[in-house]
Amino acid sequence: MPEVGDRGGLLHVVKNTCSKPPNEIKPKELFELYFRLRYLVHYWLRPELAKKVEDEVGGRIEKKDFAGVIGSCWIVFALKSPQEYPSLRPAFLLPLCWQRDRPHDHRLPPNLRALADNVMADLRREGEINAAQKWGLWLHPHFVINDSEPDFSNFDNKVSFNSGWGALFGGLYLANKGQRPNEKVWISAAYDPRRGIVAVGHVREKLELASEYDIKKFFLPRENVNEQNDAAGVHLVPLAQEVNKSPLACLGDYLRAHDVEPPTPQTEDDFKRYCEWYNRQHFTDHSEALARYLQNILPWVADKQRRHIRKSWPNCKPQTLVTVLSGSPELVALTAKTLEAKKLIVLCDRDLAARVQNQWNRVKAYLQQAGFSLDEKEFEIVSLESCFDRVRNLLPWSELAEDGLAVDLTPGTKIHSLALDRAAPPTAWRIYVQTEMQQPQRRPSAGSEQFIVWSPDSHRPTERPIESVVIGSGDVD
């Protein structure tokens with residue numbers, strides 16, 4: 001093997017060797033490229049030159065996985081003037097990895113390390129990582145040759161790293177949650193605190209590379225997406241560019257695309273994994289979140305809670321359920337499925353019903369398909385006292401109670417709950433669905449739903465509250 005030396009390091013080799021076409025590169029220079037790049041040969045060099053390097057070193061250079069480790073992320077670069085470097089790919093990847101409780105890798109350029117610090121600050125402001133958590137950005141371990149190679153520390157003057165902000169943010173967000181990224185989901189996006197997501201350059205070259213790697217989704221600033229007449233067969237997804245949106249909100253769809261949805265649960269462990277996945281998501285489309293809840297979470301929760309209710313209160317078999325439409329219309333379906341009350345009476349505020357119309361229509365279709373009879377009653381709060389009178393006179397309470405009646409005190413405002421409790425006869429079952437709250441988002445944690453029951457003869461919380469549906473806690477005998 002010809003001798004190789006430092007001679008200025010990787011940047012020197014790239015500038016001097018890759019500025020020549022592949023057929024002019026000498027054997028010693030091929031060894032130098034192998035020595036400096038090793039597992040990046042296929043990612044940085046044009047295919048014909050990568051093949052020449054393999055022939056010269058006498059063996060195939062393994063094409064390493066750049067996404068199989070927790071913390072993995074990768075920046076997609078593109079040459080400003082590809083004609084100046086005919087042996088380099090017009091666009092190429094830099095595989096990186098976030099590592100807990102370590103400083104940044106000394107082999108990375110100072111500007112890239114500074115961008116990593118900005119990303120950590122962004123996630124701290126979002127409440128996703130705290131001040132005590134330390135993360136360092138490193139070269140991906142699959143591409144490390146030794147403690148000093150490959151060395152990119154002097155690349156600052158030749159490479160701009162701003163477009164890598166989205167990749168670093170996503171990589172750290174997933175790493176902090178113990179999740180591996182999806183190698184078929186790419187991003188190129190910069191961020192400015194005053195302007196939000198901002199456009200990036202050389203998109204055409206990046207798209208051609210993505211097409212070669214059969215990338216399923218490529219997230220780009222909306223401005224860049226609008227400029228593309230031909231996406232080279234790659235599915236482009238625009239990122240939200242609103243100035244007043246937080247970085248996490250801007251990248252919600254991108255982060256969700258990385259976290260692959262588990263299959264429909266078949267076992268208790270499957271259900272646990274699905275709930276954990278669901279609770280990690282930042283759904284921007286409420287209808288999409290609702291569809292998943294109805295199909296994959298609600299049946300498990302309802303079945304588990306129903307069995308426990310039947311054991312503890314065997315007489316709790318109401319034929320009619322009276323409830324209130326709220327901003328979480330799935331609650332109507334959950335209580336109905338749990339109690340198996342075939343007749344549903346839902347009190348609906350006109351303005352609220354208009355705001356959640358799409359979600360409510362989906363829930364109604366779900367209930368009707370399941371065989372429930374649904375009756376909507378328009379209901380509006382004008383004053384506290386009129387609210388009580390309105391609810392009291394709205395329904396034939398005594399008649400409903402004869403066949404078994406339950407009222408759900410969970411959804412709606414406290415006034416709704418008070419009005420229902422006051423209007424319902426003593427023989428009605430009173431239900432409340434309690435859930436744990438996720439922090440810092442303060443949203444209900446799917447899978448933690450727990451039914452609390454007031455029996456007709458008690459009018460107070462039961463002495464034996466229903467055991468919480470703790471994810472993975474096993475069946476209730």
Side-chain angles (χ1 to χ4, degrees), residues 1 4-20 22 25 28-69 71-79 82 84-99 104-109 111-113 116 137-156 158-161 163-164 167-168 171 181 183 186 188 202 205-206 208-210 212-213 215:
M1 175 177 175
V4 292
D6 184 72
R7 298 204 309 274
L10 176 59
L11 181 61
H12 175 86
V13 172
V14 169
K15 288 173 59 179
N16 289 275
T17 302
C18 295
S19 60
K20 298 184 288 187
I25 296 178
K28 185 175 181 178
E29 293 171 320
L30 295 173
F31 272 105
E32 187 79 29
L33 287 171
Y34 174 75
F35 177 77
R36 299 295 182 185
L37 289 173
R38 191 72 56 90
Y39 303 114
L40 287 171
V41 161
H42 289 290
Y43 292 95
W44 280 47
L45 305 182
R46 289 185 179 270
E48 59 270 31
L49 180 56
K51 181 64 168 59
K52 287 189 67 174
V53 172
E54 286 185 324
D55 292 343
E56 194 64 35
V57 300
R60 181 178 177 275
I61 301 171
E62 183 180 357
K63 197 169 184 179
K64 296 277 191 175
D65 171 26
F66 56 83
V69 175
S72 299
C73 55
W74 49 95
I75 299 178
V76 189
F77 292 105
L79 297 176
E84 295 181 12
Y85 298 94
S87 286
L88 282 179
R89 288 174 171 271
F92 48 91
L93 298 180
L94 179 60
L96 301 163
C97 188
W98 287 98
Q99 298 190 21
H104 295 314
D105 192 339
H106 65 91
R107 291 166 295 198
L108 297 181
N111 285 351
L112 180 55
R113 284 178 264 162
L137 186 66
W138 285 70
L139 290 172
H140 195 289
H142 291 177
F143 296 85
V144 169
I145 301 171
N146 53 48
D147 289 342
S148 57
E149 298 287 349
D151 183 4
F152 301 96
S153 59
N154 59 349
F155 271 57
D156 267 347
K158 290 295 179 181
V159 180
S160 172
F161 300 99
S163 65
L168 298 191
E183 66 178 12
W186 287 13
S188 185
H202 310 291
E205 292 81 2
K206 296 174 182 179
E208 289 175 354
L209 182 66
E212 178 183 337
Y213 282 89
I215 297 310

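Hydrogens, waters and symmetry mates play no part in the numbers below; they use all other heavy atoms, side chains included.
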Atom [atom1] in [X], atom [atom2] in [Y]: separation rounded to 0.5 Å?
X	Y	atom1	atom2	result
L45	K52	CG	NZ	11.5 Å
E84	C18	CD	SG	13.0 Å
F66	H142	CZ	NE2	12.0 Å
L10	S153	CG	OG	9.5 Å
E56	L33	CD	CG	11.0 Å
L209	S188	CG	OG	11.0 Å

Practice task
Count the heavy atoms belonging to other residues, nucleotides or ligands that lie under 6.0 Å from NZ of K51, then report whether that count exceeds 12.
Solution key: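 Result for NZ/K51: open.
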
Handout entry: By side chain to side chain contact (heavy atoms under 4.5 Å, CB included) - contacts of H104 (at least two apart)
Key =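 Counting only residues at least two positions away or on another chain, H104 forms a side chain to side chain contact (heavy atoms under 4.5 Å, CB included) with W98, R113, A116, D117, M120, L137.
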
Problem - Candidate pair L93 and W186, rule side chain to side chain contact (heavy atoms under 4.5 Å, CB included), full reasoning - result: CA-CA 11 Å; L93 298 180; W186 287 13; 3.8 Å; yes

Backbone N or O of [Y] within a donor-acceptor pair of the [X] side chain at under 3.5 Å?
X	Y	answer
S87	K20	yes
K63	H42	no
Y43	K64	yes
N146	E149	yes
W44	R89	no

Exercise for the section: Answer yes or no: is there a side-chain heavy-atom contact under 4.5 Å between F31 and V57? Expected result: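 Yes, their side chains come closer than 4.5 Å.
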
Exercise for the section: Give a yes/no verdict on a cation-pi contact between R38 and Y34, requiring under 6.0 Å between NZ or CZ and the six-membered ring centre and an angle within 45° of the axis. Expected result: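 Flagged: R38 positioned over aromatic ring of Y34.
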
Exercise for the section: Output, in order, the C-alpha distance, side-chain angles, deciding distance and verdict of side chain to side chain contact (heavy atoms under 4.5 Å, CB included) for E205 and L79. Expected result: CA-CA 8 Å; E205 292 81 2; L79 297 176; over 6 Å; no

Handout entry: Residue pair L139, L96: steps toward the side chain to side chain contact (heavy atoms under 4.5 Å, CB included) verdict
Key = CA-CA 4 Å; L139 290 172; L96 301 163; 4.3 Å; yes

Heavy-atom closest contact ([X] atom, [Y] atom, distance):
X	Y	result
P181	W74	CG-CZ3, 3.8 Å
K206	S163	NZ-OG, 3.6 Å
A167	C73	O-CB, 3.4 Å
I61	E54	N-OE2, 2.7 Å
D151	R107	OD1-O, 3.6 Å
L40	P95	CD2-CD, 3.6 Å

Exercise for the section: Evaluate the side chain to side chain contact (heavy atoms under 4.5 Å, CB included) criterion for residues L112 and L168: first the C-alpha distance (whole Å), next the side-chain angles of each, then the deciding distance (0.1 Å), finally the verdict. Expected result: CA-CA 10 Å; L112 180 55; L168 298 191; 4.0 Å; yes

Problem - Among N111, L94, L11, side chain to side chain contact (heavy atoms under 4.5 Å, CB included) partner for F155 - result: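 With F155 as partner, N111, L94, L11 yield a single side chain to side chain contact (heavy atoms under 4.5 Å, CB included), made by L11.
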
